[in-house]
Amino acid sequence: MAGSTKHPLFGFLPRNVTAKQVQGVVEGNENPFTRLPHSPQYRKILEARKKLPVFAQMDEFYKMFTKHQIIVMVGETGSGKTTQIPQFVVYSDMPQTKNKIVACTQPRRVAAMSVAKRVADEMDVQLGRQVGYSIRFEDMTEPGTTFLKYMTDGMLLREAMNDPDLQRYSTIILDEAHERTLATDILMGLLKALVKRRKDLKIIIMSATLDALKFQKYFTIDDPAPLFKVPGRTHPVEIFYTQEPEPDYVEAAIRTVLMIHRAEEPGDILLFLTGEEEIEDACRKIKIEADDLIAQDPDTVGPLSCIPLYSSLPPQQQQRIFDPAPSPRVPGGPPGRKVVISTNIAETSLTIDGIVYVVDPGFSKQKIYNPRIRVESLLVSPISKASAQQRAGRAGRTRPGKCFRLYTEKDFMKELEEQTHPEILRSNLANTVLELVKAGIKDLVRFDYVDAPAPETLMRALELLNYLAALDDDGNLTSMGSMMSEFPLDPQMSKMLIVSPEFHCSQEILAIVAMLSVPNVWLRPNNQRKEADAAKQLLTVPDGDHLTLLNVFNEYQNNLHDRNWSWNNYLSARSLSQADNVRSQLLRIMERLEIGVVTKSYEDQTRHYMNIRKALVCGFFMQVAHKEGEKGSYITIKDNQAVSLHPSCGLDTQPEWVLFNEFVLTTRAYIRTVTDIRAEWLLELTANYYDLGSFPDGEAKLALQRVLKKQIGKNAKAAGPDRDKPLKKKPKTS
DNA sequence: GAGCACTGC
């Protein structure tokens with residue numbers, strides 16, 4: 001009688017449901033969230049879901065989830081945890097009945113989007129309504145309707161900054177926690193503190209196997225967090241090691257690829273190398289050698305296609321990894337094979353079906369941070385055991401595979417670290433510290449990190465934020481700091497934006513900051529370097545690379561009608577449109593903060609450019625170098641690092657003082673993206689930092705003292721300060 | 001006279 005009108009979830013007690021109840025609803029005819037009948041598509045997907053390993057453990061899951069506030073979950077690839085667990089949680093939390101949300105974080109945007117789409121299909125609802133996702137630049141949710149949300153970890157961290165109690169959420173699931181991204185690490189710290197304040201909030205940490213114990217221990221409230229284990233569904237991968245260490249891993253890798261091609265069963269190969277240049281080089285060599293092999297032995301050696309893969313490759317070329325292996329040259333001839341040569345991008349971000357052989361030389365480029373000289377750099381380093389395991393796993397996704405490690409078993413056991421160092425130990429934390437302070441964390445040194453960063457890294461971050469006036473001398477957030485934290489930028493750049501109205505150049509600083517926030521816009525194809533350099537020369541502003549970036553952005557905007565403009569000027573259309581996107585987001589934030597977006601267009605260009613350079617100084621006064629000696633050698637102020645102007649630098653002279661965006665350590669120490677500045681501005685705009693009383697001795701200090709003396713003399717002679725008068729333009733030498 | 005591992009806000 002009542003059966004037809006009763007709500008499908010009738011009798012469900014929040015946070016106390018059984019697998020039997022849930023299975024009844026899942027198998028039922030009526031969708032409990034839309035009250036519509038389930039579609040045939042739903043039934044089809046349900047049959048596939050029921051085969052996932054995690055589905056068989058629903059009962060076990062609910063027993064644990066009902067009882068505990070925090071769960072650590074481990075599941076191998078193919079367990080279905082990312083799609084199923086959040087749905088299980090929804091039936092228990094019933095967030096739709098109390099205006100709450102179940103959130104599941106991902107380290108990458110594509111994952112958040114694609115998983116949300118899949119889960120919306122599984123639940124027979126429209127993406128963006130009951131189930132949605134939230135990533136930078138795209139909020140695919142409907143307030144009041146969305147109760148299951150996939151999002152990037154960085155997005156949730158931003159929310160935590162403004163609402164430290166994360167009141168909207170009933171359960172928060174941190175997925176891929178083993179990747180230890182900076183955002184996930186900070187979230188773990190915040191959530192550990194939060195569960196004490198919010199007893200109604202539940203947390204699930206999802207990870208691959210090796211780290212589980214560490215997370216369980218970390219999340220000890222009275223007892224360690226319980227562990228929920230889900231088996232994976234992959235194929236076995238046989239591991240081979242070399243007998244002796246390989247002196248040249250690229251050469252060994254090429255040899256191994258050719259050996260596989262000659263001697264192993266059909267199946268595609270994935271080779272891991274460290275960077276673009278290495279990959280393109282190996283690609284060329286493999287092609288040449290494979291052609292030789294085929295010429296020698298056309299009856300047994302099939303064709304080999306070689307596909308490079310790295311992030312700066314245009315998407316269209318990245319798609320080539322999904323091309324099928326080449327067909328035999330003649331019908332019935334030896335089969336073709338595909339080899340993908342990739343950076344770490346194929347370790348986590350991209351999966352390629354059909355890979356049967358993995359060649360792992362054991363290296364990758366890793367970011368390291370040196371707090372002493374405040375520099376992040378990339379270094380080719382040995383990978384960790386966890387990483388090696390992940391790479392090997394790429395061979396077993398479709399059928400049993402083989403992994404050839406180009407190092408000895410002994411080195412694997414003894415030399416490789418268990419885990420890759422988490423990002424928090426390898427990064428400049430200026431931004432993170434500001435976010436934490438904004439989230440109300442008072443004592444950053446004693447914050448409960450999963451892995452605590454070096455005290456010096458924290459000190460460097462606090463010092464920078466103090467000089468930028470984001471924190472006062474007691475480490476409290478200032479109103480300036482509060483504004484700065486609203487921008488998804490390094491603090492130096494948000495500072496520039498906030499002060500830009502004083503220099504009448506908000507639009508210009510917006511464009512420059514946007515350009516500095518996207519990947520390099522300059523293209524330089526191997527066979528057209530001269531043409532590319534010439535094109536760049538035409539866009540160059542000799543006063544500084546920052547102004548060149550501004551010029552490029554403006555020209556891009558002026559030429560939007562011309563589809564080929566970017567390409568014709570050897571510029572990356574992808575980066576430029578990204579910059580445009582970033583610029584709009586930053587502009588919206590400025591408007592929200594009621595920072596007047598001021599631009600004085602009637603000024604003459606020299607003076608206008610000077611104002612822009614002054615605004616740059618307000619953010620980047622700590623990244624300044626002084627020319628010492630004749631041959632273009634510079635010394636960074638205070639740290640006394642000898643550096644050279646990067647060859648890509650467009651300055652037509654070698655000014656005495658320069659401001660730089662980036663310090664790069666390659667064959668030499670270079671400063672990149674450099675602008676000509678004046679000592680007067682340093683003394684005038686950032687007197688706090690350029691306090692000569694505490695300045696280290698050296699040529700830079702002497703030069704600053706001379707400027708100061710001259711200023712005092714001038715001010716004594718003249719009746720008042722005249723520093724607003726444009727300084728005389730230097731004669732240009734070409 | 002050289003380089004951009006990979007994410008993310």
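Everything numeric in this text was worked out from a predicted model, so none of it was measured. A, B, ... follow the sequence lines: proteins, then strands. Residue 1 opens every chain.
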Are A:Asp451 and A:Lys214 ion-paired here, with the side-chain N under 4.0 Å from a carboxylate O?
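Looking at A:Lys214 together with A:Asp451, the answer is yes, because their closest N to O distance falls below 4.0 Å.
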
Taking the ring of A:Phe663 and the ring of A:Tyr670, is the distance between their centroids below 6.0 Å?
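Ring centroids of A:Tyr670 and A:Phe663 are no less than 6.0 Å from each other.
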
Using a 4.0 Å heavy-atom cut-off, does [X] contact any base of the nucleic acid, only the sugar-phosphate backbone, or nothing at all?
X	result
A:Arg180	nothing
A:Tyr310	sugar-phosphate
A:Asp490	nothing
A:Gln366	nothing
A:Arg524	base
A:Arg108	sugar-phosphate
A:Pro519	nothing
A:Thr152	sugar-phosphate
A:Leu378	base

Looking at every non-hydrogen atom in both residues, tell me the closest pair between A:Leu313 and A:Gln318 and how far apart they are.
O-NE2, 3.3 Å

If I compare all heavy atoms of A:Ala103 with all of A:Met151, which pair ends up nearest, and what's the gap?
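In terms of heavy atoms, the two residues are closest at CB-SD, 4.0 Å.
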
How many whole angstroms separate atom [atom1] of [X] from atom [atom2] of [N]?
X	N	atom1	atom2	answer
A:Asp545	B:dG3	CG	P	16 Å
A:Glu159	B:dC9	CD	P	12 Å
A:Asn344	B:dT7	CG	P	10 Å
A:Ile341	B:dA5	CD1	C1'	16 Å
A:Tyr369	B:dC6	OH	P	22 Å
A:Met113	B:dG8	CE	C1'	15 Å
A:Glu347	B:dC6	CD	P	12 Å
A:Lys536	B:dG1	NZ	P	16 Å

Choose from [options] the nucleotide whose nearest atom is closest to any side-chain atom of [X].
X	options	answer
A:Ile345	B:dC9, B:dT7, B:dA2	B:dT7
A:Ile135	B:dA2, B:dC9, B:dG8	B:dC9
A:Thr343	B:dG1, B:dG8, B:dC6	B:dC6
A:Ser349	B:dT7, B:dA5, B:dG3	B:dT7

Checking A:Glu276 now: which residues fulfil side chain to side chain donor-acceptor pair (under 3.5 Å) with it, not counting sequence neighbours?
A:Ser312

Where each residue is assigned the nucleotide of DNA chain B containing its nearest heavy atom, which of A:Glu277 and A:Gln585 is assigned the position nearer the 5′ end?
A:Glu277

Tell me which of A:Lys365 and A:Phe487 sits closer to the 5' end of DNA chain B, going by the nucleotide each one is nearest to.
A:Lys365

Residues in ring pair (Phe, Tyr, Trp, His ring centres under 6.0 Å) with A:Tyr570, at least two apart?
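Ring pair (Phe, Tyr, Trp, His ring centres under 6.0 Å) list for A:Tyr570, sorted by chain: empty.
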
Donor-acceptor pair under 3.5 Å: do we get one between A:Arg672's side chain and the base of B:dA2?
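Under the 3.5 Å cut-off, the side chain and the base do not form any donor-acceptor pair.
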
